[in-house]
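Since this is a predicted model, take the numbers as computed values, not measurements. Lettering of chains follows the sequences in order, A, B, ..., and the numbering in each one begins at 1.
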Amino acid sequence: MLDLKFVRSNSDVVRDSLIRRGEGTDALDALLAADEKRREILVEVEELKRRRNQASEKVARLKRTGADASEIIDEMKGVSDHIRGFDEELAAVETSISELLLGIPNIPHESVPTGRDDSENVEVRRWGQPRAFEFEPKAHWDLGVALDILDFERASKITGARFAIYKGMGSRLVRALVNFMLDLHTAEHGYTEVFPPFLVNAASMVGTGQLPKFADDMFKCEGLDYYMVPTAEVPVTNMYRGEILDGACLPVKHVAYTACFRAEAGAAGRDTRGLIRQHQFDKVELVKFVRPDTSYDELERLVADAQSVLEILGLPYRVTKMCTGDVGFSAAKKYDLEVWMPSYGRYVEISSCSNFESFQARRADIKFRPAPGAKAEFVHTLNGSGLAVGRTIAALLENCQQPDGSIAIAKRLQPYMGGLEAIAI
RNA sequence: GGAGAGAUGGCUGAGUGGUCAAAAGCGCUCGCCUCGAAAGCGAGUGGGCGGGCAACCGCCCCGUGAGUUCGAAUCUCACUCUCUCCGCCA
């Protein structure tokens, strides 16, 4: 959410941002009109309330001395009715203001390239070489089923499409990757581990920006105000909702494993095979709360932390900078890490690292006190996957497959796999 | 699920219809004292919104939302959360 005062006094900046994102500006115009209307009502109703307060004071004084105050009281009855009417009008305008404001996306950082969609994202760098196979490489869904470590058919029986069962060493591999990633980020990158609830309330979803705009993308528990987390970003960022953090504690860095649940409403027919697009997947997420003047440095470090997972696993990847049309609703700047996926013959997103500046902090009311006694300010929040486990497994199966269909296990992962060097039949 | 207690500022905690943004204490900031520090003493110290060039002025906020009243932290109702006891349970 943007600051209403900022929008009012910099409407041209906001308008330009919407145009750069390829969005309409009707909501902005409606917002500016509602804001003006609100201030008109406010001036009138506040004047009436001032009169009422003065009269109340007078009544109190008169009553204390035992004098009669009925004349003032009768007069104020009319004023109070008037106030009630204005207050109702005001509440209606304020409701529409907050709805409109919640629907306006963040302003992209100046370093974000202007572009219409993902085709105009900018590649920043590459690491590693896609392997030249001396045999016909198989897709991970074929490899996994052949090794009996993935079972999509039974998963669709017990639940439905876009679910998977990991079995045997496949299941072990999930556990190994989660543990490896958590160990790496806590021990080497200074993150504090968190294990949060997998269900969150609507206020949390609003806080990080999933609601109200993206209600169709997630699963809601029927009859309850609970949503299944689409990413650990939601519970972890909202841990500090409504709080003022001690400036001396910043940056606060958390790493969390959760299962993630996404409805994938707009993705019918896409990535229907394999582990790439599932309704349920596992992810280790990095979340930071930082001082505003450090947030872009922190974003670069966050990307480096995520990259190191791919490098240790020996998976070739590239980093792309999202353009204004693909940066996402809440982010001011976003990098994607894309891993080489032989079955796709291209790089596939495996991590998304964003700086939200104060957009989420304002929605979730997360502040910090820069120094003892100083005025509290909004923190900047960042997050990134470190990494998505399902896609990591897909990448490992495909990139580390051997001619006989077995999978070589990366050195750093072997201790987590009970010393296993390869998954074979 | 049943019974009861509670929710007040950065924290502890008083306030049960009329100058209450709210006592007191702690914490914090500044000053005095000191070679320096601690202690002590003094002053200050919540947030949001609006008007004004500014000094400043006004409105709102005591878990959330409705209501009663000329007037609500205080009374009524609903909800949420926390704690205690009972039941159930991985």
Side-chain angles (χ1 to χ4, degrees), chain A residues 1-9 11 31-102 195-207 211 220-221 223-227 235 238-250 252 259 289 358 361-379:
Chain A
M1 178 168 72
L2 302 178
D3 179 13
L4 182 58
K5 276 185 279 191
F6 176 87
V7 176
R8 186 187 303 147
S9 49
S11 60
L31 176 63
L32 292 169
D35 176 52
E36 206 158 314
K37 173 89 176 157
R38 169 176 171 269
R39 280 178 299 153
E40 276 171 29
I41 299 170
L42 208 53
V43 169
E44 284 189 76
V45 74
E46 284 191 359
E47 168 61 19
L48 290 178
K49 285 182 178 174
R50 188 184 63 81
R51 276 174 53 196
R52 182 179 68 184
N53 287 345
Q54 286 181 342
S56 273
E57 227 173 279
K58 206 181 283 178
V59 169
R61 251 196 326 268
L62 289 171
K63 291 231 167 177
R64 257 199 307 277
T65 60
D68 177 48
S70 53
E71 196 182 319
I72 304 174
I73 289 174
D74 286 343
E75 194 190 325
M76 282 304 116
K77 281 181 183 169
V79 173
S80 279
D81 287 344
H82 235 101
I83 290 174
R84 233 186 303 278
F86 274 124
D87 270 343
E88 277 169 30
E89 225 180 305
L90 191 62
V93 175
E94 287 183 340
T95 301
S96 87
I97 286 176
S98 66
E99 279 169 6
L100 289 163
L101 202 53
L102 285 173
F195 190 72
F198 289 10
L199 296 178
V200 296
N201 55 34
S204 294
M205 286 292 199
V206 171
L211 283 181
K220 184 174 194 294
C221 297
L224 293 172
D225 183 40
Y226 290 159
Y227 297 81
N238 279 282
M239 276 171 65
Y240 302 111
R241 173 150 51 85
E243 296 190 24
I244 298 172
L245 305 174
D246 181 357
C249 298
L250 297 182
V252 171
F289 304 81
S358 58
R362 191 171 287 107
R363 285 173 164 248
D365 187 27
I366 305 168
K367 295 182 170 176
F368 76 104
R369 211 174 288 286
K375 191 175 153 70
E377 298 174 37
F378 289 112
V379 298

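Distance, Arg241(A) CZ to C81(B) P: 13 Å, rounded to whole Å. Put simply, CZ on Arg362(A) is 16 Å from P on G47(B), counting in whole angstrom units. The nearest whole Å value for the distance from the CZ atom in Phe368(A) to the P atom in C28(B) is 20 Å.
Nucleotides G6(B) and G25(B) are separated by 26 Å at their P atoms, to the nearest Å. With P as the reference atom, C79(B) and A23(B) are 34 Å apart, rounded to whole Å. With both ends at atom P, the span from C53(B) to C20(B) equals 33 Å, rounded to whole Å. The same atom, C1', is picked in A21(B) and in C30(B); the two are 23 Å apart, to the nearest Å. Between the P atoms of G63(B) and U12(B), the separation comes to 14 Å (whole Å). Of the P atoms belonging to A66(B) and C41(B), the separation is 47 Å, rounded to the nearest Å. The separation of C28(B) from C11(B), taken at their P atoms, amounts to 15 Å, rounded to a whole angstrom. Here, G65(B) and U74(B) have their P atoms 13 Å apart, quoted to the whole Å.
In this structure, Lys58(A) reaches neither bases nor backbone, as no heavy-atom distance under 4.0 Å exists between it and the strands shown. Backbone-only contact: Arg8(A) has heavy atoms under 4.0 Å from sugar-phosphate atoms and none from a base.
In this structure, Phe289(A) and Tyr240(A) approach most closely via the heavy-atom pair CZ-CD1, 3.5 Å. Between Asn238(A) and Ala203(A), the shortest heavy-atom contact is OD1-O, 4.2 Å.
Arg363(A) places a side-chain N or O within 3.5 Å of a backbone atom of Val206(A) that can act as its donor or acceptor partner. Not a single donor-acceptor pair under 3.5 Å links the side chain of Arg52(A) to the backbone N or O of Met76(A). Judged by distance alone, with hydrogens and angles left aside, the side-chain atoms of Ser96(A) form a donor-acceptor pair with the main-chain N or O of Val93(A) at under 3.5 Å. In this structure, the side chain of Arg369(A) does not engage the main chain of Gly247(A) through any donor-acceptor pair within 3.5 Å. Here the side chain of Arg362(A) pairs a donor or acceptor atom with the backbone of Met1(A) at under 3.5 angstrom.
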Table of protein N/O atoms under 3.5 Å from nucleotides 61-71 of chain B N/O atoms:
unit_1	atom_1	unit_2	atom_2	d
C70(B)	OP1	Lys77(A)	NZ	3.3
C70(B)	O4'	Ile73(A)	O	3.3
C70(B)	O3'	Ser80(A)	OG	3.0
G71(B)	OP1	Ser80(A)	OG	3.1

Report, one pair per line, the protein and nucleotides 54-58 of chain B atoms (nitrogen or oxygen only) whose separation is under 3.5 Å.
unit_1	atom_1	unit_2	atom_2	d
G58(B)	N2	Glu46(A)	OE1	3.1
G58(B)	N2	Glu46(A)	OE2	3.1

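With a cut-off of 3.5 Å on both pairing distances, the Watson-Crick and G-U wobble pairs of RNA chain B assemble into stems of 3 or more at B:1-7 with B:80-86, B:10-12 with B:24-26, B:27-32 with B:40-45, B:46-51 with B:56-61, B:63-67 with B:75-79.
Between Arg84(A) and Asp87(A) no salt bridge is recorded (no basic side-chain N to carboxylate O distance below 4.0 Å). Using a cutoff of 4.0 Å between basic side-chain nitrogens and carboxylate oxygens, Glu46(A) and Lys49(A) are not scored as salt-bridged. With respect to Arg39(A) and Asp35(A), a salt bridge is recorded, a charged nitrogen being found less than 4.0 Å from a carboxylate O.
Between Arg61(A) and the phosphate of U19(B), there is no side-chain N or O to OP1/OP2 separation shorter than 4.0 Å. Here Arg38(A) reaches the OP1 or OP2 of G50(B): one of its side-chain N or O atoms lies under 4.0 Å away.
For the 3.5 Å distance criterion, the side chains of Asn201(A) and Ser204(A) qualify, holding a donor opposite an acceptor.
Atom CG of Asp81(A) sits about 12.5 Å away from atom CZ of Phe86(A), to the nearest 0.5 Å.
Comparing atom distances between the Lys5(A) side chain and each of C49(B), G47(B), C81(B) picks out C49(B) as nearest.
Between Ile244(A) and Arg51(A), the residue anchored closer to the 5' end of RNA chain B is Ile244(A), taking for each the nucleotide with the nearest heavy atom. Between Tyr226(A) and Val43(A), the residue anchored nearer the 5' end of RNA chain B, judged by the nucleotide with its closest heavy atom, is Val43(A).
Taking 4.5 Å as the limit, some side-chain heavy atom of Leu90(A) sits within range of a side-chain heavy atom of Arg38(A).
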